[in-house]
Structures are given as C-alpha cells and as structure tokens.
Trainee: 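Got a structure for you, written out below as structure tokens; questions coming shortly.
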Number of protein chains: 2
Amino acid sequence: MVELRHLRSFVVLADERHFGRAAVRLHIAQPALSQQLKQLERETGARLLDRSTRRVELTEAGRLLRGRAAEILAAVDRTSADLGLLGAGRAGRVRLGFVGTATYDVLPHVTRRVRDELPDVELEVRGELLGPELMAQLREGDLDIAVFRPGAAVTDDLEVLRLRDEPLVAVLPGDHPSARADAVDLRELDGMPLITHPSGYHSTMQPLVLDVCRRAGLDPHVVEVGETGTLVVFVAAGLGFGLVPHSVRALRLDGVAYVPLSGEPVTAPLVLAHRPDPAPVVARVSALVAAVTSGSGRDASG
Amino acid sequence: MVELRHLRSFVVLADERHFGRAAVRLHIAQPALSQQLKQLERETGARLLDRSTRRVELTEAGRLLRGRAAEILAAVDRTSADLGLLGAGRAGRVRLGFVGTATYDVLPHVTRRVRDELPDVELEVRGELLGPELMAQLREGDLDIAVFRPGAAVTDDLEVLRLRDEPLVAVLPGDHPSARADAVDLRELDGMPLITHPSGYHSTMQPLVLDVCRRAGLDPHVVEVGETGTLVVFVAAGLGFGLVPHSVRALRLDGVAYVPLSGEPVTAPLVLAHRPDPAPVVARVSALVAAVTSGSGRDASG
DNA sequence: TGTGGTGGTGGAGCTGCGACATCTCCGGTC
DNA sequence: GACCGGAGATGTCGCAGCTCCACCACCACA
C-alpha cells in the first residue's frame, strides 16, 4: 500500500537525484531509501528512476509522480495546518458583523482585544449593518458572528448570547438648552424632528425609539438615515434629535451632546449571535466579545 | 506523522459514523481504528469526531478533513492508476517518425491500431522524413520510434527490428503503354526520366533504385524530389517514372499506375528502430507497429 | 437494575521498517 | 588492465509500533 512516507521520500530523491544525499535529508539510511523506492515502484507498477551506480535519472513516470506527489504532500500539509488552527481555535478567519449602534464602541474594542490576544486570528469586520441583515448573513454563512439588537424575529436556529442592556440617551445639538443638563425629559424635545434608523423590518431601533416617544406623548416628524454615524452627523447639523444606546457616546462630534433620559430608564439590549456548534475560533472570539462588552461597556465614553 | 492509512481509515469512519462497522470495512480490529483516530487527532491538533458510546458525529474540523482526505486519496489513486498505465506501456507519449515510403501505408494503419488498442497513448506522428534524419532524431531524443529503410550507416547504438522486405514496383504515368500490364520490364522504360528521392546521405532509396536501373542497363536522367508524395505527383504529371516499395501503392492518384517488375524481385527492407532499453509505451507501440506491418503489409493496396 | 452494544484501554505478539555490514557494478586513473 | 573509490542493491537483525485479544466504562433501554 502506498503511504505518504513513500511520496515524501520520492520527492526528496527526485530532487537530489542521489540516494545517499536524499537519505541524509530524510534522516534515514540509504538502504531504507532503496527499499522504499522499490516498494513504490512495485505498487505503482512503473519504473520511476533510471539508476546506475553513476547516475540517477527520472523516467517519464518519475516526472509524473514527482509533480503529483508534491501536490499531494502540499495538500496534506495545508490540511494539517488548517486542522491545527481549527482545533486550537487560535487561528483561522472570523467574519464579524456589527449593528450601527455597536460600530463605534464595541467594534474597535473587540478588534483591539482580538489582535492582542489572538494574533493569528484573521478578523474580517463589517460595521454599520442592520439587525435583520446581520441575521440573514449569519444564516447564509456569509458571517460567523453578529453583534446587534434583537427584534422579534430572532429564531432559535442561531445561538444568541445577551451581552448587555444599554440605556437610551438623547443625542442633542450642542446649542440645545438641555445639551448640558444631567438629564433631559423627552417632552422638552417636543416639536423637534426625530432622526432615526430606517423603518420597516430594516432596523430594530426605530420601533423602540418611536415607542419611547409615543409613551412620552411625542409625535415627532421622523427623518430616517441609514447609518448611526449619519444620525449623529444630522443631529450635529441641527436637523433634530436622536435616541441611541449609551455606547454611541463613543462617537464624539463637535456640536453634539449625549444626555441621559430622565425618568424610568429605557434600555436597548445588545446580543451576540452565531450558528450553533461553532468552530473553536468562532467560540473563542465570541467569548472575547462577551468579555469586552461586559467588562468595559459603560465607561467607554471619554 | 500523518500517513495515508490514517486518511483512509478516517474517510471510512466519517462515512460509517460507527467504529465497529468502519473497522470491518477496513479489515482491521476496532481498537486499532480507535488508535488511528487518536493519532490523527494528536497530529492535527483538532478533535475530529464528537463521539460517545451512542453517537459518532463529525466536528467542523472533521467535516473539513473528510473532504480534504477524500480529495487527497482520490489524487493518490488517480496517480497510481496513471503510473500503472505508464508502467504497463498503456499510456504516455510516443513520437513516431516515418520515412516517406512508409508514410501512406504504414503510418495510417499504425495510428488506427494505436488509437483502438492503446487509447491512453498520446501519439505524435511525423511522416515523409528521410532515413538518416530519422536516425539522428532518434539519437537526439527528439523521436522515440523510427520506421525507415536502413542504409549502411545503421550503427548498433539503436535497437533495430526488421519489419518486412517490400518488392519494388514501378510507378508509371497512366498513359504509358505498360501501365495496365501485369508486369513491366525496366528496359521498356529506357529513355524516360527517373524520379527519385534525394541523393547523397539523405535517402537510402536512391542508391538502391539507381543500382536496379544500372543492372537493367538503364542510365536514366534523374530528377530528385524531397518526398514520396511529390515523386508520385511528378509521375502523374508525366515527368518520368519511379521505383518505389510496394506499399506506396496506398497512395493512389489519378494518372498513376503501379506495376510490378518482371524478373527477379528486388526488395527494399523496412525496419523499426528505437533507443535501447525503451520505456514500456515505446516497446508496446513498437510491437504494435511490427504486428501491423507483418500482418497486413502486402494487401494494403485497393 | 440488569443487559446489550459501543468506544476506550492495556498488554502480548508480530509485522515490517530501518540500521549495519556487505556486495556488486562501474568509471576514472595510473 | 589492474586498482580504487563511490554509488546503489542486498541480507540480516533488532526493535518500534501496529494489531489483536481481552477487558473496562459508559449509556440507553427495558
């Protein structure tokens, strides 16, 4: 039966064209190498080397085998390496997607920690995505881990880990009377347009935000934007106010103030999701994300 | 060190998902299979099977390995098969050269037979070459097998196999008085130009043909042409007559008749040559050429 | 709580691989 | 042409490691 041992020896032998030198490189004795080649020739039924005591030359069959054996051994090595990384969960590629409101706080912290603690893990990070889109990409296998705020549609074909609940804060233009207050009552904002994430099934933030406003007796004119960054920029431009999770405070812009809401706190949950039975890397990175978010979530602002 | 044995076992195990059944299929005992899997997991550093006494399931690493191992084993099998064909002389590339007078009869028959009986052999055929040129190409390694008519210069650094002796026939213009005769005496052609192959060391036919003419008392005006095809075309054009081996009759042109010579037959030998200690394919194709020429040489004309 | 079936483990035996010594062949040299 | 040295082949032996057998541990099911 042909074994990789035969192929490994043959490749070196074909390279050296000399049994003695090849044996040294293989850390075996020359007679053993002769035996292996003989076995290989018996197994394959082809003469692989034209050899005399003076000269070792590849036959046509030998040339064919040299190429094939090299490919096979490369495939084995590559597979072995891949499996090692997979098994240790210390390397491999992980694709992470973040919802907009986690893009400016969680994302950079996670990236930093992974680079520090799992330097061989190749992170592919995408921010400013929307919850339903993230879940769809997870299910499609286009993403390994998603960090988002769950709507009603989180089914149990995904493993979901609750990271933390973040209180909503108001995003106000810097020149608003309440911009420097310790807290703001939503009713003080009556009449201002509300900048929100998209409606429909696209964002889980908008229904939450609208509900909060309605309960405070507000029915603001709504301006929808695609990204959290844009939302804050709009507020900075004086186009209205917004309601965002606390951690968006990491996104500091001139002309913008983040002010806690007075009264009973309203929170937006942040979760992490991945497919069930994840690869060790995915599990490891997930754990790191959880550690990052629980450890230093609240004091992320400056 | 990972060996193919491990991969073969793993593929079956991944297929059966049952150590006992897999061991039976592999013709080894179950504990041996457990050992192999353990080794494989140690080598790769990854857990490949989630297993209890009730259930054997592939991990993600296992799924990766199953695919890779199958590819690797397939590549090994394919290579082994290819080498077997090469070794048995049933595959490979053979470059065949034919002298002009064997181009129109032997060449097509050989090509046909090889395609039928050795479909994996890649044949590279060149016709209308001259004997000395063929031998030079053989020695240079530019050709594997040559079929030609030997001159004096066939040395013993080539293995030569006599294929057959062919009687010379006259090639006459269709309107010649003897064109429809059963035989022609050379003296009837006195005064006609003789179309021949090249002189000097280039062709072994010309000296033979001139000798035949001289012994018949002819001293014809000689017109030299490079190829046998051209020779026959010249005859068809009424430019003279020729003397060619019987098998050239396979080249039928309007306005040309092949007529046997009366009197004692004169033959031109046809031989096959290759380098000593040839690759199996070369030997096998050589045998096929010999079979073709000895079996159906004479009745090749229509 | 027994029972059957499953994968894991420990020890004995044997296969087969590799090391060593030796042989044979061949080319170069004088 | 006899000698010499280097190269691959061969014969023998020791031992690593694989396989097998017997047994263990575990779990589902009755």
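Remember, predicted model here, so these are calculated numbers, not experimental data. Letters A, B, ... mirror the listed sequences (proteins, then strands); counts begin at 1. Note that these values count all heavy atoms, side chains included, but never hydrogens, waters or copies made by symmetry.
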Trainee: Tell me whether the side-chain N/O atoms of A:Arg55 come closer than 4.0 Å to OP1 or OP2 in C:dC26.
Mentor: no
Trainee: Would you mind reading off the distance between A:Leu49 atom CG and D:dA9 atom C1', rounded to a whole angstrom?
Mentor: 14 Å
Trainee: For a quick check under 3.5 Å, do B:Gln137 and B:Arg126 share a side-chain donor-acceptor pair by atom type?
Mentor: yes
Trainee: Quick one: A:Asp50 CG to C:dC26 C1', roughly how many Å, whole number?
Mentor: 16 Å
Trainee: From the set C:dG18, D:dT10, C:dG7, return the single nucleotide nearest to any side-chain atom of B:Val56.
Mentor: C:dG7
Trainee: Does B:Gln39 have a side-chain nitrogen or oxygen under 4.0 Å from the phosphate oxygens OP1 or OP2 of D:dC18?
Mentor: yes
Trainee: Which residue, B:Ala32 or A:His27, contacts DNA chain C at a nucleotide closer to its 5' end, judged by nearest heavy atom?
Mentor: B:Ala32
Trainee: What is the distance from CD of A:Glu43 to P of C:dC17, rounded to the nearest Å?
Mentor: 10 Å
Trainee: From the options D:dT19, D:dA22, D:dA9, select the nucleotide whose nearest atom is closest to the side chain of B:Gln36.
Mentor: D:dT19
Trainee: Tell me whether the side-chain N/O atoms of B:Ser34 come closer than 4.0 Å to OP1 or OP2 in C:dG8.
Mentor: yes
Trainee: Please determine if A:Asp165 and A:Arg162 form a salt bridge, counting it only when a charged side-chain N lies under 4.0 Å from a carboxylate O.
Mentor: yes
Trainee: Check every atom of D:dA7, C:dC17, D:dA22 against the side chain of A:His18 and return the nucleotide holding the closest atom.
Mentor: D:dA7
Trainee: Can you tell me the distance, in whole Å, between the CG atom of B:Leu33 and the P atom of D:dG17?
Mentor: 20 Å
Trainee: Within this structure, what is the CD1-to-P distance between A:Ile28 and D:dG8, rounded to whole angstrom?
Mentor: 13 Å
Trainee: Tell me if the side-chain of B:Gln30 makes a donor-acceptor pair with the base of C:dG8, cut-off 3.5 Å, by modelled atom types.
Mentor: yes
Trainee: At under 4.0 Å, does any side-chain N or O of B:Arg51 touch on OP1 or OP2 of C:dG8?
Mentor: yes
Trainee: Does B:Gln35 put a side-chain nitrogen or oxygen below 4.0 Å from OP1 or OP2 of D:dG17?
Mentor: no
Trainee: Could you give the CE-to-P distance, from B:Met1 to D:dG17, as a whole number of Å?
Mentor: 12 Å
Trainee: For B:Glu166 and B:Thr267, which I'm curious about, is there any donor-acceptor pair between the side chains at under 3.5 Å?
Mentor: no
Trainee: Rounding to a whole Å, what distance do you find between B:Leu48:CG and C:dG7:P?
Mentor: 16 Å
Trainee: Under 4.0 Å from OP1 or OP2 of D:dG8: is there any side-chain N or O of A:Lys38 that close?
Mentor: no
Trainee: In whole Å, I'd like the distance from the CG atom of A:Leu26 to the P atom of C:dA19.
Mentor: 10 Å
Trainee: Salt-bridge test for B:Arg66 and B:Glu57: reply yes if a basic N is under 4.0 Å from a carboxylate O, no otherwise.
Mentor: no
Trainee: Using 4.0 Å as the upper bound for N to carboxylate O, is an ion pair formed by B:Asp15 and B:Arg25?
Mentor: yes
